[in-house]
Amino acid sequence: MRIYDIIEKKRDGKKLSFEEISFFVTEYTAERIADYQASALLMAMFINGMDMEETVALTESMAKSGDMLDLSVINGITADKHSTGGVGDKTSLIVAPICASLGIKMAKMSGRGLGHTGGTVDKLESIPGYRVSLSTKEFFEQVDKIGIALIGQTGNLAPADKKLYALRDVTATVDNKSLIASSIMSKKLAAGAKNIVLDVKCGSGAFMKNESDAAGLAELMVKIGKDCGRNTAAIITNMDIPLGTHIGNALEIKEVIDILKNRGDERLRELCITLSAEIIRLSHQIDYNKAYDMAVNALSSGMALNKFKELIEVQGGDAYVIDDPSVLPVSKCKCCVLADKNGYITDMNSQLIGESAVLLGAGREKKDDVIDYGAGIILHKKTADRVENGDMIAELFAENNAQIENAVKLFNKSYKIGDTKPPEKPLIYRTIR
Ligand code: URA
């Protein structure tokens, strides 16, 4: 087999076989295919598209390019959750303890943040002492024992995706449903859970800007998951408005603790319950309404909070943060953004708010940037809220005033105040099963 022939075939709009796609992935991972040839094939895939069989072949080949975790060594039902990325999205840190407190084994590996969306691992690292690196053996043992582990990526999961994603990022080939779906699902398959729930975001802070594109991506991922023997469902959710009120690592941990104490932002709480209910429904094969009630009860009874506390303790963190979140880091400088007229917040742009948080030091522009865990934004007003002149819209935190000045300039472009209250957008558009 020759890569030249495979590129030519896809360039001419023909369907590639499983063997051809698998050859490409294996040989590229082993560095026996050059970047320029891989780029040419990716562009041909992007322009001419891939059908379901080709997309599944690409997903499986990338999943098998490295370690495939075998979670069958863990006693019980395993589940995983994935979000396509959003601003203020701390749902994994709430959903995983809810589900684990109900006996589902949550073996979760998460990524670091890059650009305007934050990463779960960075948020966890803002808890003093919390270890995000466990060996695979420790990871399995912990999930078996307490039902939950939240760590950074370990081992060599889907290395082909890592290489191909880096190439797509610089060759304008990210934005294609088959390539995005296979990239995400290859990592989920390699991570080994039997039940997978995907939170597919749509709106200003997300990859997919409208509901129909998000639904197309979600349907594709659900089909891939099922074809590969995993129970899979996806929920399409709104990302026009940041999720919750806190953006930034330690700030988001504070908000997580608040929700686990059964209070805080209603939309965030609702989304966490919905995602948990879908995981519980799939894992226990029960009616959705029953699963929903179980998730609500896990929050109101304190079971989920206790599970989060146990997780922090076992992974070496200071569990006192649960009792007193003020021990979490907070950056030195603070600035309040005030409304300059009466009216309603008519619009908020999640992406610009996420980028403002990066300027404050809460996220990375480049892979190696160092994060300031105490930096970020607390939103006091969101879309459709009434404001009077002088009301506080947000508080911004950073280590120095130059960062604050830059971030405030950008933040001020992220919202509008008008005379008419805008209609509220739904938080959850639909579920794809
Ligand atoms: N996230 C991924 O992991 N892969 C993509 O292609 C896009 C988003």
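One-based numbering, in listed order, for ligands and for the atoms of each. Residues: numbered from 1 along the sequence shown.
- A 6.0 Å sphere centred on NZ of K382 holds more than 12 heavy atoms belonging to other residues, nucleotides or ligands.
- The structure places CD of E252 at 10.0 Å from OG1 of T91, a figure rounded to the nearest 0.5 Å.
- At a cut-off of 3.5 Å, with distance as the only test, a side-chain donor of D89 or S83 sits close to an acceptor on the other residue.
- Within the model, atoms CG of N349 and CZ of F411 stand 11.0 Å from one another, a figure rounded to the nearest 0.5 Å.
- Near ligand 1, residues Y165, R168, I180, S183, I184, K187, F207 each place a heavy atom inside the 4.0 Å sphere around the ligand atoms.
- Between V25 and T29, some side-chain heavy-atom pair lies under the 4.5 Å cut-off.
- Using a 4.5 Å heavy-atom cutoff, the side chains of N195 and I104 are not in contact.
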